[in-house]
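Each remark here refers to the structure printed beneath this line.
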Amino acid sequence: MTVSVVSSLSISPVLRQTRNARTFSITSIRCSSSPSSTMEEHPKRVVVCGGGVIGVCTAYFLAKRGAAVTLVEKSAVACAASGKAGGFLALDWCDSGALSSLARASFNLHRTLAQELDGPQSYGYRPLSTLSLSITETDSQATPSGSKPSIVPNWVDGPVRSPRTIGTRETTAQVHPQLFTRTLISKAVENYGAEVVIGKLESVEVEEGRVKSVALEGGRVIESDAVVLALGPWSCKLELLSSIFRVHGLKAHSIVLEPKNPDAITPHALFLTYHPSQGGKPLDPEVYPRPTGEVYLCGMSAEEEVPDDPEQIVGNPEAIEVLKRVARTVSSQLGEGEAEVKAEQACFLPCTDDSVPVIGGVPGIRGCYVATGHSCWGILNGPATGAAMAELVLDGRATIVDLTVFSPARFVGRSRRGKV
């Protein structure tokens, strides 16, 4: 399996594969910044398990702080939800719940990263206008010409009803999630000496209550001073975590279209209330035009068992067909013959029973940390989660955001602890 950073936005490939060790590294590493003054003479060795956006952001900020970081990923960086998500960012949509401070800090950090890493060119960062629309599939009578509300973009020529603005260019934005994730890991490797290892995590080795190493399938052991488990929906596969809390997978479907006239598709994210022709409960698909010229549509989610291998995940044909119907109902430019289907896909979003991510130290094991359960807000909250985890691992506490509400300790006593 090869990790590459190649895209239509001209990101240069900076990783290479070492044939025997299945390790990715840079031929010549030169750090562009000095290690943090809080680091010891020898950099702290941290193994981050999981190559999705949460693991990569954690690895990036740890490496930037001077830690000796090894990222372990079973398949490929951003091969699952972090490569198949919408990449939508919102400043204040989580204000009514526990995620408020995390989301606000992360939205602002996304903006900072975009300035530092040339996000508009590197991974499609841009502000968006965001609309809520109601559309009925059987409603053949679109809004009469000349009477369409001015907030509705011209390319949305379907039977639109009840349009309203729910996000402005100051409060909503987007990234291409796969390009964002792979840009960060390439920078962590190229600039800060991080290493990426392709291999399956077998166990976390603990000695006298402290992390000692991680063991990979095939016998490789990586010594470490700290381990961060950012396994997304695969957290449920590791007994060390599943004995404390439950993470289940929500299977979400998406398609990626390439319209014939991409320049006509303006940067407007659409959140739909969609009434199917056969009746029943309305659906809530989402539409995100991308600066690559593609249009991403997602929806049709349901809880399912998470497979062992992310490469085994495929979309359900019925769900994919619904998304295609949504596309052509919303816009004639997204229908068959006017847009090419570039991808039909599905991914699993990691969800917790209380709908709050799990971020913090694993109870009873010094040097072991977890960051998972971000559901549909993983891309948004990746940067602040990664920055907070780096502070927690290296400084003993996070300052960018208070992690108390996210602590895995909140589950202690609710379930039986199993063996490590």
Side-chain angles (χ1 to χ4, degrees), residues 85-97 99-111 114 119-120 124-137 139 141-177 180 252 254-257 259 261-276 282-299 301 323 326-334 375-381:
F88 180 74
L89 313 176
L91 172 67
D92 53 4
W93 287 25
C94 300
D95 276 1
S96 61
L99 289 174
S100 176
S101 59
L102 182 69
R104 282 181 168 268
S106 211
F107 184 87
N108 292 326
L109 192 49
H110 264 291
R111 185 182 292 127
Y125 175 89
R126 68 176 177 183
L128 286 174
S129 297
T130 305
L131 305 178
S132 170
L133 304 173
S134 178
I135 294 184
T136 301
E137 189 176 11
D139 191 350
Q141 199 139 36
T143 305
S145 177
S147 66
K148 185 165 69 172
S150 60
I151 65 171
V152 179
N154 290 333
W155 59 273
V156 179
D157 53 11
V160 171
R161 299 183 184 277
S162 307
R164 62 188 179 94
T165 299
I166 55 175
T168 68
R169 291 173 58 85
E170 287 71 42
T171 61
T172 54
Q174 72 179 145
V175 296
H176 188 300
F180 171 71
S254 59
I255 60 175
V256 180
L257 304 174
N261 185 17
D263 292 338
I265 311 296
T266 55
H268 288 80
L270 308 179
F271 283 72
L272 307 177
T273 300
Y274 187 83
H275 302 271
L283 308 177
D284 54 358
E286 301 162 16
V287 182
Y288 305 124
R290 288 174 169 169
T292 55
E294 302 167 334
V295 177
Y296 172 97
L297 288 86
C298 64
S301 57
L323 291 177
V326 170
R328 60 177 177 258
T329 302
V330 168
S331 173
S332 59
Q333 298 190 51
L334 302 181
S375 186
C376 62
W377 293 115
I379 303 299
L380 166 64
N381 289 322

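Index from 1, following the sequence.
- The closest side-chain heavy-atom distance from L131 to P163 is not below 4.5 Å.
- Side-chain contact between L270 and V156 is present, with heavy atoms from C-beta onward closer than 4.5 Å.
- Under a 3.5 Å cut-off, the side chain of S375 and the backbone N or O of W377 do not form any donor-acceptor pair.
- Taking the ring centroids of F88 and Y296, they lie at or beyond the 6.0 Å cut-off.
- Taking every heavy atom of both residues into account, P262 and G293 meet most closely at CB-O, 3.6 Å.
- At a cut-off of 3.5 Å, with distance as the only test, a side-chain donor of T172 or T130 sits close to an acceptor on the other residue.
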Checking I379 against V175 for the side chain to side chain contact (heavy atoms under 4.5 Å, CB included) test, could you report, in this order, the C-alpha distance in whole Å, the side-chain angles of both residues, the deciding distance, and whether it holds?
CA-CA 8 Å; I379 303 299; V175 296; 3.6 Å; yes
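- Residues P289 and W155 come closest through the heavy atom pair CG-CZ2, 3.7 Å.
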Could you go step by step and tell me if S332 and D157 meet the side chain to side chain donor-acceptor pair (under 3.5 Å) rule?
CA-CA 7 Å; S332 59; D157 53 11; 2.6 Å; yes
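- One finds the CG atom of L272 at 9.0 Å from the CG atom of D284 (value rounded to the nearest 0.5 Å).
- The CG atom of L297 sits 6.5 Å away from the CG atom of L323 when rounded to the nearest 0.5 Å.
- For N108, the CG atom sits in a packed shell: over 12 heavy atoms of surrounding residues, nucleotides or ligands are nearer than 6.0 Å.
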Enumerate donor-acceptor pairs with a distance under 3.5 Å from any side-chain N or O in residues 100-107 to protein atoms, sequence neighbours excluded.
unit_1	atom_1	unit_2	atom_2	d
S100	OG	D95	OD1	3.2
R104	NE	D95	OD1	3.0
R104	NE	D95	OD2	3.4
R104	NH2	D95	OD2	2.9
S106	OG	L380	O	2.6
S106	OG	A384	N	3.0

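- The shortest side-chain heavy-atom distance between H176 and T292 falls under the 4.5 Å cut-off.
- Between A252 and S301, the shortest heavy-atom contact is CA-CB, 4.0 Å.
- Atom CD of E137 is separated from atom CZ of R328 by 7.0 Å, given to the nearest 0.5 angstrom.
- With rounding to the nearest 0.5 Å, the separation of CD1 in I166 from CG in L133 is 8.5 Å.
- Contact annotation: the side chain of I135 approaches that of V330 to within less than 4.5 Å [non-hydrogen atoms, C-beta and beyond].
- Of the possible donor and acceptor atoms, none in the side chain of Q174 sits under 3.5 Å from a partner among the backbone N and O of P267.
- Under a 3.5 Å cut-off, the side chain of H110 and the backbone N or O of Y125 do not form any donor-acceptor pair.
- Inter-residue side-chain proximity for T165 and S129 is flagged as unmet; no heavy-atom pair is nearer than 4.5 Å.
- Using modelled atom types, one side-chain atom of S331 and one backbone atom of Q333 make a donor-acceptor pair closer than 3.5 Å.
- Between atom CZ of residue R290 and atom CG of residue L128 there is a gap of 11.0 Å, rounded to the nearest 0.5 Å.
- Between the side chains of T329 and Y274, at least one donor N or O lies within less than 3.5 Å of an accepting N or O.
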Checking T273 against H275 for the side chain to side chain contact (heavy atoms under 4.5 Å, CB included) test, could you report, in this order, the C-alpha distance in whole Å, the side-chain angles of both residues, the deciding distance, and whether it holds?
CA-CA 7 Å; T273 300; H275 302 271; 3.8 Å; yes
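- Going from atom OG of S134 over to atom CZ of F271 covers 15.5 Å, rounded to the nearest 0.5 Å.
- Between R126 and P120 there is no side-chain heavy-atom pair separated by less than 4.5 Å.
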